[in-house]
Number of protein chains: 2
Amino acid sequence: MPSKHRSDALAAIHETAADLHRVGGMDQKTMRKFDALCLTPIQEMTPKKIRALRTREKASQTVFAAYLNVTPGLVSKWERGEKHPQGASLKLLSLVDKKGLEVVA
Amino acid sequence: MPSKHRSDALAAIHETAADLHRVGGMDQKTMRKFDALCLTPIQEMTPKKIRALRTREKASQTVFAAYLNVTPGLVSKWERGEKHPQGASLKLLSLVDKKGLEVVA
DNA sequence: TAAAGTCTAGCACTTAGTGCCATAGATTAC
DNA sequence: GTAATCTATGGCACTAAGTGCTAGACTTTA
């Protein structure tokens, strides 16, 4: 069940080939919508994936939490399925998944 | 009023010079606490700073929100001071502030 | 003139996230 | 051997961040 706002970005791209051909004429300031297309899709994060991610980075829950600017207790809850990251938290986890902990340092 | 968990990372570092000298002997897997020290401090984000940040990146609220995986409405609320980003959201904004929108693409 | 993008705004609502504390199993120090 | 520290779980109460929806006004593009 993809939430509505997820498709807002996609909705912003209901421009067809006509726009694409125009991209060449855009200066860097206005080709925002096109950039949005290049966002890495965000997959859901299961408890197992989160823990695997953290252990892959060889960080304790406390340290991992510090990197994400959240509480250690929350990381524990994520890994036990008590709470489910979404929005900015999910984005941050995806970032770490893709690029490693260092990028958020 | 720095929240408690903010100092957890710092609390994890109540190791003195004795530990620091030991760092040389640590392998990469266990020098976590030391890494935590290198986290860029997170400053609070005022509405003005958020808007300045977004306009600096030349993104509409909708596109900006897409990057952060939040709703456009929330970005609007941040910029009007109706809601205050914290935790993962704040971390994400700080990241964009420091490294630009591209790093979260 | 219409269509679409941009932002504000309000309202109802859910639940993520915090704070605190107590427990217990590992490690490490002394 | 035992005290300290790190580790993680778990519970409980609570706040407010964040979502969803919708309508309005303004500006830009076609």
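The structure displayed is predicted, hence computed values, not measured ones. Below, chains carry the letters A, B, ... as their sequence lines are ordered, and counting in each starts from 1.
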Q: Is there side-chain contact between B:L68 and B:L93, with at least one heavy-atom pair below 4.5 Å?
A: yes
Q: By a strict heavy-atom criterion of less than 4.0 Å, which residues belonging to residues 42-49 of chain B are in contact with DNA chain D?
A: none
Q: Heavy-atom distance under 4.5 Å between the side chains of B:L92 and B:V70, does that happen here?
A: no
Q: What's the angle between the local helix axes at either end of the helix from C:dT1-D:dA30 to C:dT23-D:dA8, using five pairs per end and rounding to 10 degrees?
A: 60°
Q: For a quick test of reading the model, state the closest non-hydrogen atom pair linking A:A65 to A:V75 and the distance between them.
A: CB-CG2, 3.7 Å
Q: Could you go step by step and tell me if B:R54 and B:E79 meet the salt bridge (Lys or Arg N to Asp or Glu O under 4.0 Å) rule?
A: CA-CA 10 Å; B:R54 177 177 63 82; B:E79 295 186 357; 2.5 Å; yes
Q: Does D:dA17 have OP1 or OP2 under 4.0 Å away from a side-chain N or O of B:W78?
A: no
Q: What are the two closest non-hydrogen atoms of A:A105 and B:L39, and how far apart are they?
A: CA-CD2, 3.7 Å
Q: Mind calculating the distance between NZ (B:K58) and P (C:dT6) to the nearest angstrom?
A: 15 Å
Q: Would you say the side-chain atoms of A:K91 pair up with the backbone N or O of B:V104, donor to acceptor, closer than 3.5 Å?
A: yes
Q: Any side-chain N or O of B:T71 less than 4.0 Å from the OP1 or OP2 oxygen of D:dG20?
A: no
Q: Within a strict 4.5 Å, meaning less than it, do heavy atoms of the B:W78 and B:S89 side chains meet?
A: yes
Q: Report the nucleotide, chosen from C:dA16, D:dG18, C:dG17, that has the shortest atom-to-atom distance to any side-chain atom of A:Q86.
A: C:dA16
Q: Indicate whether OP1 or OP2 belonging to C:dT6 is found under 4.0 Å from a side-chain N or O atom of B:S60.
A: yes
Q: What is the distance, to the nearest angstrom, from the CG atom on B:L68 to the P atom on D:dT19?
A: 10 Å
Q: In whole Å, what is the span from the NE2 atom of B:H84 to the P atom of D:dT15?
A: 16 Å
Q: Nearest whole angstrom, please: distance from the C1' of C:dT18 to the CG of B:L90.
A: 15 Å
Q: Just the rounded figure in Å: distance from C1' of D:dA16 to CG of B:L74.
A: 12 Å
Q: Sort me out a list of protein N/O and nucleotides 8-12 of chain C N/O pairs below 3.5 Å, or just none if empty.
A:
unit_1 : atom_1 : unit_2 : atom_2 : d
C:dT8  : OP1    : B:R51  : NH1    : 3.3
C:dT8  : OP1    : B:R51  : NH2    : 2.4
C:dT8  : OP2    : B:R51  : NH2    : 3.4
C:dT8  : OP2    : B:Q61  : NE2    : 2.7
C:dT8  : OP2    : B:S76  : OG     : 3.1

Q: Salt bridge between A:K49 and A:D97, side-chain N to carboxylate O under 4.0 Å?
A: no
Q: Would you say A:N69's side chain and B:G87's backbone share a donor-acceptor pair under 3.5 angstrom?
A: yes
Q: Return the OG to CZ distance between B:S76 and B:R51, rounded to the nearest 0.5 Å.
A: 7.5 Å
Q: Do you know the tightest heavy-atom contact between A:L53 and A:M45?
A: CD2-CE, 4.1 Å
Q: Roughly, in whole Å, what's the span from CG in B:L93 to C1' in D:dA17?
A: 13 Å
